[in-house]
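The structure displayed is predicted, hence computed values, not measured ones. Convention: sequence-line order gives letters A, B, ...; per-chain numbering from 1.
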Number of protein chains: 2
Amino acid sequence: MPDPALSTSPWGSRADRAAERDAKRKAVLTTAVRFFNSKGFAATSLDDVAKALQVTKPTIYHYFSSKDEILFECVRLGLEAIRDAAEQVRARGGSGRERLEALMLEYALVMTRDFGICVTRTSDDQLGDDSRVRFRALKREIDLILRDVITDGMEDGTLAQGDPRVVCFTISGALNWIARWYRPNGPMTAQDVARSTVATLMAGLAS
Amino acid sequence: MPDPALSTSPWGSRADRAAERDAKRKAVLTTAVRFFNSKGFAATSLDDVAKALQVTKPTIYHYFSSKDEILFECVRLGLEAIRDAAEQVRARGGSGRERLEALMLEYALVMTRDFGICVTRTSDDQLGDDSRVRFRALKREIDLILRDVITDGMEDGTLAQGDPRVVCFTISGALNWIARWYRPNGPMTAQDVARSTVATLMAGLAS
DNA sequence: ACGAGGAGTTACCCATCGGTATACATCTTA
DNA sequence: TAAGATGTATACCGATGGGTAACTCCTCGT
């Protein structure tokens, strides 16, 4: 008669399976995104990714249905990180300027991490029709939140007047570009980079 | 006895041939760069380009030795346009701030044109080893000129103090990003976009 | 007139790579 | 302990696309 506490519950077991499956999916994504960021999406073959994970290509297809899905999941993780931070900031108190600054800091930090970098390096022509639509929608969500905060700041007088659209693009460009030049082993930490870039944007170039 | 004035000079003839060859090379580049910008480099086949020019692929190989060379020539045209403008601005008179503003305006304008757009969309992993080295060297040249002007402005007091490296990247990012959102048929002209982006960077976001 | 070479074509090669069919092992559950 | 689900591997397919071989045609210079 076995100890009842040791008997494998179908629930626990099923949860374990699901958790393990998720962990493996995530492992594929983190490996893939590094390849995408260093070699480019097109130049990365799924055999590369499989080899790095010490499995074979069909194993990857056991967790994902296509290369396109893998890329989309990578950019989704990056974009949702930004969007979630942006939405939290939008909702909280403070002047428009304070909220914009907080938003930009979070945005900048995401851009120093793998999935954020992948977002900037991915142009929508690389995605399939379906993923492209969802990709654009996510980017648009972020854009709208950003513009919202900018407009608030212009109205409450804490931000300089201007075309919110241009201001939004200027900010996005400067922050997205971090993904291209930031190096984890460089002289500046991610925090340093985020803070100084945001400060430069806020204060402007002129003295 | 034919009219000597009508006789075809070997010089004129050779010059014609060379000029025509150059014109055809240029035609390949302008067609290719549009494909690269709209579909991405990897997704563009040389058959696409050839078809658009109403010739066949080997004809293209008559003018270029590889797909890599075509891409490199495209980014070279974009980068040299920026570099030449930057060098002219650096040499001329005026305060650091005035020169930086002029440089940024030219830079921004290049980013609204095909070869400039290609520069931003090309990451160096897409180039062969040889081209990649030259690509990086050209970008570095521009970076150094830009930093030079920035440092001048910080020293003469017309620009705000800061880390020239971060300021340089912030500017590059904001200006390069224009290539991603500017649309020739949109509400703003290239001049509008350039002027307002530069103004935003100069004045800063805070009021 | 004729040879040389530039310009272009057709037909082809072959490496790469996304994706699949299928077999085998393992683990779960009744 | 047998049945079914799950995970992984081997072997393969088929399309795409960079690049080449070899031939034709035209133009020019001698």
Side-chain angles (χ1 to χ4, degrees), chain A residues 2 4 6-28 31-32 35-36 39-73 125-131, chain B residues 2 4 6-28 31-32 35-36 39-72 126-131:
Chain A
L6 288 180
S7 72
T8 54
S9 140
W11 279 38
S13 169
R14 245 182 258 173
D16 281 357
R17 294 284 271 239
E20 198 171 349
R21 191 181 170 85
D22 269 11
K24 289 181 182 173
R25 268 181 71 98
K26 194 69 186 287
V28 171
T31 302
F35 273 104
F36 295 163
K39 296 178 55 172
F41 174 69
T44 299
S45 77
L46 291 187
D47 282 320
D48 289 334
V49 179
K51 200 171 194 175
L53 289 165
Q54 295 174 331
V55 294
T56 56
K57 193 167 50 175
T59 298
I60 292 182
Y61 277 93
H62 190 71
Y63 295 92
F64 296 91
S65 69
S66 67
K67 195 186 179 190
D68 176 71
E69 186 190 346
I70 295 176
L71 177 59
F72 178 71
E73 287 298 301
D125 51 66
Q126 290 168 357
L127 292 157
D129 294 346
D130 204 49
S131 311
Chain B
L6 289 180
S7 73
T8 55
S9 141
W11 278 38
S13 169
R14 243 181 260 173
D16 281 358
R17 295 283 270 243
E20 198 171 348
R21 190 180 170 85
D22 269 11
K24 288 180 182 173
R25 267 181 73 96
K26 194 67 186 286
V28 171
T31 302
F35 273 104
F36 294 163
K39 295 178 56 172
F41 173 70
T44 300
S45 78
L46 292 187
D47 282 320
D48 290 334
V49 179
K51 199 171 196 176
L53 289 165
Q54 294 174 332
V55 293
T56 57
K57 190 168 51 174
T59 300
I60 291 183
Y61 276 93
H62 193 68
Y63 295 93
F64 296 91
S65 69
S66 67
K67 195 186 180 190
D68 175 70
E69 187 190 346
I70 295 176
L71 177 58
F72 178 71
Q126 290 168 357
L127 291 156
D129 294 345
D130 205 50
S131 312

- Item | Note, A:Phe36 side chain near A:Ile70 side chain (heavy atom, < 4.5 Å) | yes

- Whole angstrom value for the distance that separates C1' of C:dC17 from CG of A:Asp48: 10 Å

- Taking CZ from B:Arg25 and C1' from C:dG8, how many angstroms apart are they, rounded to a whole number? 17 Å

- Query: In Å and rounded to the nearest 0.5 Å, what is the NZ to OG distance from B:Lys39 to B:Ser45?
  - Reply: 6.0 Å

- In terms of heavy-atom contacts, A:Lys57 and A:Ala50 come closest through N-CB, 3.7 Å

- Is there side-chain contact between B:Leu46 and B:Tyr61, with at least one heavy-atom pair below 4.5 Å? yes

- Could you check which residues of residues 49-67 of chain B get a heavy atom under 4.0 Å from DNA chain D? Sort them by number, please. B:Lys57, B:Pro58, B:Tyr61, B:Ser66, B:Lys67

- Item | Residues which pass side-chain hydrogen bond (donor to acceptor under 3.5 Å, both in side chains) with A:Lys26, listed by chain and number, not counting sequence neighbours | none

- Would the number of heavy atoms belonging to other residues, nucleotides or ligands and lying under 6.0 Å from CG of A:Asp47 be above 12? yes

- Stems in DNA chain C: runs of 3 or more consecutive Watson-Crick or G-U pairs, distances under 3.5 Å? C:1-30 with D:1-30

- Query: What's the CG-P distance between A:Asp47 and C:dG18, to the nearest Å?
  - Reply: 7 Å

- Within the structure, does a side-chain N or O atom of A:Lys24 lie under 4.0 Å from either OP1 or OP2 of D:dG7? no

- Query: Nearest heavy-atom pair of B:Ala52 and B:Thr31: which atoms, and what distance?
  - Reply: CB-CG2, 3.8 Å

- Looking at B:Arg21, does any N or O in its side chain come under 4.0 Å of the phosphate oxygens OP1/OP2 on C:dG6? no

- Of all heavy-atom pairs between B:Tyr63 and B:Arg25, which one has the smallest distance, and what is that distance? O-NH1, 2.8 Å

- Item | Rounded distance in Å - CD (A:Gln126) to C1' (C:dG18) | 16 Å

- Could you tell me the separation between the CG atom of A:Leu46 and the P atom of C:dT20, rounded to a whole number of Å? 12 Å

